[in-house]
Trainee: 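Before I ask anything, here is the structure I am working with.
All of these numbers come straight from a predicted model, not from anything done at the bench. Order of the sequence lines sets the chain letters (A, B, ...), proteins ahead of strands, with each chain counted from 1.
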2 protein chains.
Amino acid sequence: MTNSSAARPPRADAVRNRQLLLSAAAEAFAEQGTEVSIAEIAQRAGVGKGTVFRHFPTKEDLIAAIMGEIIDSLITTGMGLSDAADPAAALLEFMTRGIELLARDRALCEIVGRPSLQQPAVRAGIDRLCEVVEMLTDRARRQGLIRQDITGQDIVLLLAGVHQTAAPLADTQPQLWRRYLALTFDGIRTQHPQPLPHPAPHRFKFTPDSMLADNSKAR
Amino acid sequence: MTNSSAARPPRADAVRNRQLLLSAAAEAFAEQGTEVSIAEIAQRAGVGKGTVFRHFPTKEDLIAAIMGEIIDSLITTGMGLSDAADPAAALLEFMTRGIELLARDRALCEIVGRPSLQQPAVRAGIDRLCEVVEMLTDRARRQGLIRQDITGQDIVLLLAGVHQTAAPLADTQPQLWRRYLALTFDGIRTQHPQPLPHPAPHRFKFTPDSMLADNSKAR
DNA sequence: GGTCAACCTGACCGGCCGGTCCGGTTGGTG
DNA sequence: CACCAACCGGACCGGCCGGTCAGGTTGACC
């Protein structure tokens, strides 16, 4: 009696398709953001469009399912860091892991920023994530390792902010965010400045052939 | 060679409509970003849709015209700060003005981030802006007021990054970016930390009705 | 006032996308 | 094996949007 009453197990092909769908959607969202069409996700999974809507009645439901999983993984990371010996190092490690996730997933960047997604499951996940961050921050602050006026909410916002700072050059310098994470964390911690780990960015400097061929001969 | 004196002047209603169009589009883009439909812009300007495409053959051309103007205004600001007595204060002032522009204009945020807009005029404007920032940064760095390993390109990226850090809460705390600008500038400058000017952010804490109720406390 | 080109308008086109639906298929069960 | 409900597929719908065009209107100049 795995199911108390009137619950029938789903068919084998249904669970298989659901899994195919989830992984295909996760990949597509990560690469192209939440604007990927349902048709493309269905094609990647090798199923029909109707099958997508059978498993997830709305596109938002599909997004919420995948984003919720990613947020949960970050919560787990934070919980594992909650009793580290050096709370400041733990906080930095947590931020590093969070930004790595953001750098790999365009859809994740979109949902953390905008309050557009009011899916309750995702909201609840973000709330739990905020509590974990608050806890990590409190430990570091109580030991005097970071500024007293920094809160967990600051950290959550800076997580996305640091990533977006480096995002415009992510194609050519995918590790650039480490530079700004170090700079930001230097502003947060009470110690004296540390050297920045990544060289300064370049580009934006009129490299005529870097983008296309030669139709930029204006002026 | 087109004889400049022989070129016929445009008709009076044409120039008037062009002006109406520019201001309507600037307003619409600032409020809603570059995704506003051409139809809405035409309606705001009180003209037909076809008139928009008569003056700007493509939507991108219209965007470029308006964004170019805004970028130029920021360049002018930077040039005016180029011989200030305190180069660090000048740099901070410039960043403040830049983020104020970003906070007021959603479309501006979109184009500085993504390299999607390859309109040559806008590219050239951004390049000139980068040169101005480089100059401001060099002055501050040569006087030892900021870290030696900070470049003008860092400043350009941080401009957008600081704004986007506070953007998710911009509806309820429109001045929050000042907190992160101060924090970031503390990391950049060589002096000791200064107090943060804005209280720490709240929200994300399961306040079910906070989104619609108390948005009145903005200066 | 008369003429004409510049100008304006809004109906229209093609394409995309989220979501629906129904005929056909298939997996499980007795 | 036979049956049927769960399941699948993809044609289809309505709506939106950037861009085009034919036909009516109007400003400028003689």
Side-chain angles (χ1 to χ4, degrees), chain A residues 1-3 5-25 28-29 31-67 106-107 110-111 116-119, chain B residues 2 5-25 28-29 31-67 106-107 110-111 116-119:
Chain A
M1 58 185 299
T2 60
N3 307 320
S5 70
R8 63 289 167 199
R11 250 165 58 171
D13 55 346
V15 302
R16 196 196 59 213
N17 278 340
R18 187 171 224 278
Q19 209 53 40
L20 286 173
L21 225 36
L22 279 172
S23 58
F29 284 143
E31 289 175 10
Q32 308 186 32
T34 57
E35 309 94 358
V36 257
S37 67
I38 293 288
E40 172 162 348
I41 292 173
Q43 194 182 358
R44 286 197 191 210
V47 303
K49 220 172 96 174
T51 305
V52 181
F53 288 102
R54 163 170 302 272
H55 288 280
F56 304 93
T58 237
K59 190 183 183 183
E60 267 211 354
D61 292 314
L62 177 56
I63 296 172
I66 288 168
M67 293 302 119
R106 280 186 56 178
E110 292 174 22
I111 66 151
S116 51
L117 193 62
Q118 68 263 45
Q119 207 75 15
Chain B
T2 62
S5 62
R8 72 284 178 220
R11 251 166 57 173
D13 55 346
V15 303
R16 196 196 58 214
N17 279 339
R18 189 171 222 277
Q19 209 54 39
L20 286 173
L21 225 37
L22 280 172
S23 58
F29 284 143
E31 290 175 10
Q32 309 186 31
T34 56
E35 310 93 358
V36 255
S37 67
I38 293 288
E40 172 162 348
I41 293 174
Q43 195 182 358
R44 286 198 191 209
V47 303
K49 218 171 95 174
T51 305
V52 182
F53 289 101
R54 164 169 300 273
H55 289 279
F56 303 94
T58 238
K59 191 183 183 182
E60 267 211 354
D61 291 315
L62 177 56
I63 295 171
I66 289 168
M67 293 301 121
R106 281 186 55 178
E110 294 174 23
I111 65 152
S116 52
L117 193 62
Q118 69 261 46
Q119 207 74 16

Trainee: Compare all side-chain heavy atoms of A:F56 with those of A:I63 and state whether any distance is below 4.5 angstrom.
Mentor: no
Trainee: Can you find a pair of side-chain heavy atoms, one from B:M67 and one from B:Q119, that are under 4.5 Å apart?
Mentor: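 Side chain of B:M67 against side chain of B:Q119, heavy atoms only: no contact under 4.5 Å found.
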Trainee: Does a side-chain N-to-carboxylate-O contact under 4.0 Å join A:E40 and A:K49?
Mentor: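 No, A:E40 and A:K49 are not salt-bridged.
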Trainee: Just N and O in the side chain of B:H55: are any of them under 4.0 Å from OP1 or OP2 of C:dC8?
Mentor: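 Affirmative; the distance criterion is met.
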Trainee: Expressed in angstrom and rounded to an integer, what is the separation of B:E40 atom CD from D:dG18 atom C1'?
Mentor: 15 Å
Trainee: Between A:I38 (CD1) and D:dG10 (C1'), how many Å, whole number?
Mentor: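 These atoms are roughly 15 Å apart.
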Trainee: Counting just side-chain N and O atoms, does A:T58 come under 4.0 Å of either OP1 or OP2 of C:dG19?
Mentor: yes
Trainee: Is B:E31 salt-bridged to B:R44, cutoff N-O under 4.0 Å?
Mentor: yes
Trainee: Donor-acceptor pair under 3.5 Å: do we get one between A:K49's side chain and the base of C:dG19?
Mentor: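 Result: at least one qualifying N/O pair found.
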Trainee: Figure out the CZ/P separation between A:R8 and C:dG27, and round it to whole Å.
Mentor: 19 Å
Trainee: Measure from the side-chain heavy atoms of B:T51 and tell me the nearest of C:dC7, D:dC7, C:dT9.
Mentor: C:dT9
Trainee: Please compare A:E35 and A:G50 by the position of their nearest nucleotide in DNA chain C and report the one closer to 5'.
Mentor: A:E35
Trainee: Taking the side chain as everything from C-beta on, heavy atoms only, tell me whether A:R16 gets closer than 4.5 Å to A:D13.
Mentor: yes
Trainee: Ignoring the backbone of A:R54, work out which of D:dC8, C:dC7, D:dG18 is nearest its side chain.
Mentor: D:dC8
Trainee: From the set C:dG18, C:dC7, D:dC8, return the single nucleotide nearest to any side-chain atom of A:N17.
Mentor: D:dC8
Trainee: CD of B:Q43 versus C1' of C:dG10: gap in Å, rounded?
Mentor: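 Interatomic distance, CD of B:Q43 to C1' of C:dG10: 13 Å.
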Trainee: Among the candidates C:dG18, C:dT9, C:dC8, find the nucleotide nearest to the side-chain atoms of B:A14.
Mentor: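 So the side chain of B:A14 is nearest to C:dC8.
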Trainee: Calculate the interatomic distance between B:E60 atom CD and D:dG19 atom P; express it in whole Å.
Mentor: 9 Å
Trainee: Looking at every strand, decide which applies to A:V52 at a 4.0 Å heavy-atom threshold: base, sugar-phosphate, or nothing.
Mentor: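 Answer is nothing: A:V52 stays at 4.0 Å or more from every strand.
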Trainee: Report the distance from atom CZ of A:F53 to atom C1' of C:dG18, rounded to the nearest whole Å.
Mentor: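 Value for this atom pair: 5 Å.
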Trainee: Can you measure A:R16 atom CZ to C:dG28 atom P for me and round it to whole angstrom units?
Mentor: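 Interatomic distance, CZ of A:R16 to P of C:dG28: 10 Å.
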Trainee: B:F53 versus B:I38: any side-chain heavy-atom pair under 4.5 Å?
Mentor: yes
Trainee: Looking at D:dG27, D:dG9, C:dC8, which one has an atom nearest to any side-chain atom of B:A12?
Mentor: D:dG27
Trainee: Between A:K59 (NZ) and C:dT20 (P), how many Å, whole number?
Mentor: 14 Å
Trainee: By nearest nucleotide on DNA chain D, pick out whichever of B:T34 and A:V47 is the more 5' one.
Mentor: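 In this pair, the answer is A:V47.
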Trainee: Using a 4.0 Å heavy-atom cut-off across all strands, classify B:V15 as base, sugar-phosphate, or nothing.
Mentor: nothing
Trainee: Hey, is the side chain of B:R11 pairing donor to acceptor with the base of D:dA28 inside 3.5 Å?
Mentor: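 Answer is no: no donor-acceptor pair is held.
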